[in-house]
Amino acid sequence: MNRWVEREMYGWGRHPRVRSLVARPERRAEVKAALDDRGGVPILAHGLGRSYGDAALIANGRMVLTRRLDRMLSFDPATGWLEVEAGVSLEEIIRTFVPRGFFPPVVPGTQFVTIGGALGCDIHGKNHHVDGTFADHVRRVELLTGSGEVVVCDAEHEPDLFWATVGGMGMTGIILSLQLKLVPIDNPFIEMESVRVESLDHFFEVSAESGDFTHTVSWIDCVTTGAAMGRGIFMRGRYAPAGTRGSVSLLQRVGQLAPGLLDFRVDGPNWLLNAASIRAFNETYFRKQAKGVTRSTVHYEPFFFPLDNVRQWNRLYGERGFLQYQFVVPPDPEHRAIRQVLAEITRSGLGSFLAVIKEFGERRHPGLSFPAPGTTLALDFGHAGTPLLDLLDRLDAIVLDAGGRVYLGKDARLPRETFRKMYPEWAAWKAVRDHWDPDNVFQSALGQRLGLTGGEA
Amino acid sequence: MSALVLGATSRVAHALAHALAARGHDVCVAARDLDEAERVAADVRVRSGRASVALRFDATDFDAHAAFIDSVEAAVGALDTVVLAFGEMGAQADSERNAQAARQVIDVNYTGAVSVCERVAERLISRKRGTIIGVSSVAGDRGRQSNYIYGSAKGAFTLYLQGLRNRLFPLGVHVLTVKLGFVDTRMTWGMSTRIPIAAPEAAAQAILSAAAGGEDVLYYPRFWRGVMTLIGAVPERVFKRLKL
């Protein structure tokens with residue numbers, strides 16, 4: 001019933017790449033049919049491909065593209081509950097509901113993700129310390145399980161299956177639809193403050209005194225060493241109250257009027273983002289920010305999704321692709337792990353072009369969901385081969401030693417043994433998964449690498 | 001204003017339902033698979049905030065077509081725009097071997113289309129206004145060995161729409177024939193071609209603009225008019241030797 005087509009598939013980091021058969025169902029019956037016409041190999045749902053590594057890939061199996069399962073099924077303006085199919089993107093929800101005064105409860109750094117992917121990765125946003133993760137605002141998840149049965153699960157119904165699906169990276173089944181509780185907003189603007197942060201200690205001071213803000217995040221310069229190590233720009237904001245007037249940015253206007261101008265349709269040369277250009281960028285970006293606190297009213301797009309106006313920015317890293325490394329370490333008054341990581345990166349000479357740091361709030365639920373109390377740091381590295389992989393192994397050791405973990409939604413290389421120490425919940429998670437999918441219908445390259453599917457323990 | 005989209009579970013029809021709602025229509029979406037039609041109707045309701053209902057429609061249940069149109073108008077009011085977007089390609093080899101398979105393709109694409117279109121025409125004529133949009137295919141422009149059963153049914157439908165337009169013009173009812181080239185749908189999924197494939201949403205916008213502009217025949221993407229003119233110009237004694 002499905003037409004399976006061979007495609008080269010990759011995540012946002014464009015590494016690794018696999019060739020495999022993919023189908024693009026448009027009707028629910030076709031998704032179910034994929035269980036039967038998959039040719040006896042494992043399958044995996046694939047949305048907009050915005051996880052970075054191999055989470056949404058499978059080499060020895062087939063992928064089911066969910067993008068055309070994109071119907072919005074119901075909305076209750078009195079409560080904000082919106083029911084959508086899994087292939088709907090956050091961008092579509094935002095475009096549809098901002099004019100009606102609603103916004104998704106949790107958004108990541110890009111709006112080009114599907115709802116199914118958002119739950120599978122249990123995404124977090126700048127408001128994690130206040131509102132938790134995506135899954136904390138979801139109910140009635142319709143999941144197509146390995147037996148072909150559609151199970152409705154949430155924190156109340158089949159909670160084990162639900163919490164295994166949350167952050168379960170697609171390995172419990174194919175999410176068909178879910179209900180998401182949108183939050184009311186008065187206008188599309190954010191009251192924002194930018195604070196120039198002069199050092200790592202300063203970052204934690206500013207973070208501690210930003211409790212009045214629902215949204216916080218900080219860009220961090222991870223090239224500069226010495227006393228200014230950890231300098232950056234701390235951004236904090238909240239939805240602007242009724243009657244606020246703001247304007248859209250120049251970049252946004254260009255993006256709207258001539259989207260082609262801001263679209264990298266060809267790969268940049270591999271050398272483009274190198275130590276010198278990254279140092280120059282970090283210096284310029286930091287200098288551009290005035291000392292102290294700057295207040296402004298900005299549109300939600302540049303605040304939440306600063307890079308979405310530049311389509312395919314991932315191609316800037318060139319044909320080699322790039323890896324993102326995001327980890328969280330528990331609170332520590334000395335911030336030793338963060339300092340060690342920054343020092344290790346500097347020593348390696350492999351700069352991270354974009355680095356983002358934030359303090360998470362409490363962990364509210366079990367499973368493989370990533371966020372945990374403490375500090376998270378996200379780093380992008382052009383794929384420089386062995387030197388980079390060696391660096392990331394050293395970072396693993398620092399993170400593990402501090403009791404931290406890395407984010408599977410970004411990962412393409414974490415060793416199995418390290419993963420199991422970082423996520424001691426893995427065995428309990430796998431027991432639930434195996435119960436619902438004894439035949440291992442749903443697998444991924446990431447899951448196979450980490451030993452999350454299949455018979456071996 | 002209200003509109004009916006027949007065959008609403010195809011991607012172009014789905015996009016047309018959205019585009020019609022965005023232009024102020026209450027939309028009835030109809031398809032053989034009522035469950036899927038309900039999802040499309042829900043999607044139109046949630047995204048546009050306009051009324052939208054789903055009904056089951058079977059192109060080959062000819063006797064039910066008059067009652068079907070009654071129930072559509074009972075649900076969304078007097079129709080002013082009707083889109084015929086249903087179709088069934090079938091497999092050419094099946095249609096060659098099995099007369100029933102061939103008949104199914106012909107009945108869905110042609111006989112059924114004629115049957116329901118006449119019922120629609122009656123209503124529009126009585127009100128002296130309205131638009132009928134028939135989604136035909138470039139496959140109906142010239143018979144080729146790879147899909148001539150489907151192509152002949154679409155070709156007949158094209159000819160039918162031409163005659164209908166001729167009859168309805170003085171009565172104030174407009175008929176637009178749409179011939180789709182490659183649009184990114186289930187039909188073209190996985191096709192490897194250098195010819196650009198258009199987005200269904202762009203096709204829907206072009207179709208409604210053409211209808212509003214009073215065009216009679218729309219090829220979409222538009223360059224397909226040229227492509228089909230060239231294909232039509234090949235002499236039959238040459239064409240019959242080609243593997244198309």
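Each chain gets a letter, A, B and so on, in the order the sequences are listed, and its residues count up from 1.
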Visitor: Do the side chains of B:R186 and A:E30 get nearer than 4.5 Å, heavy atoms only?
Guide: yes

Visitor: Strictly below 4.0 Å, N to O, side chains only: are B:D184 and A:R68 in salt-bridge contact?
Guide: yes

Visitor: Determine the minimum heavy-atom distance between B:V46 and A:R100, stating which atoms define it.
Guide: O-NH2, 2.5 Å

Visitor: Apply salt bridge (Lys or Arg N to Asp or Glu O under 4.0 Å) to A:D70 and B:R11, showing your working.
Guide: CA-CA 11 Å; A:D70 63 349; B:R11 199 65 190 188; 2.7 Å; yes

Visitor: Could you measure the distance from the CG atom of A:L69 to the CZ atom of B:R39? Nearest 0.5 Å is fine.
Guide: 9.0 Å

Visitor: Measuring heavy-atom distances to chain A, does B:S48 have an atom under 4.5 Å in its side chain, in its backbone, in both, or in neither?
Guide: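 Looking at B:S48, just its backbone touches chain A.
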
Visitor: Closest approach of B:G190 and A:V5, non-hydrogen atoms and distance?
Guide: CA-CG2, 3.4 Å

Visitor: Which answer fits A:E85, side chain, backbone, both or neither, if we ask what part of it has an atom under 4.5 Å from a heavy atom of chain B?
Guide: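 Contact with chain B is through the side chain of A:E85 alone.
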
Visitor: Tell me whether B:E36 is salt-bridged to A:R27, with the criterion being a basic N under 4.0 Å from an acidic carboxylate O.
Guide: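 The answer is no: the pair does not qualify as a salt bridge.
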
Visitor: Nearest 0.5 Å, please: how far is CH2 in B:W189 from CZ in A:R3?
Guide: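 Separation between the atoms: 9.5 Å.
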
Visitor: Minimum heavy-atom separation for A:R24 to B:T185, with atom names?
Guide: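 Reported closest heavy-atom pair: NH2-O, 3.5 Å.
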
Visitor: Is any residue of residues 34-43 of chain A within less than 4.5 Å of chain B by heavy atoms, and which ones?
Guide: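 Those residues of residues 34-43 of chain A which would need a heavy atom under 4.5 Å from chain B do not exist here.
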
Visitor: Using non-hydrogen atoms and a 4.5 Å limit, figure out which bit of A:V22 sits close to chain B: side chain, backbone, both or neither.
Guide: both

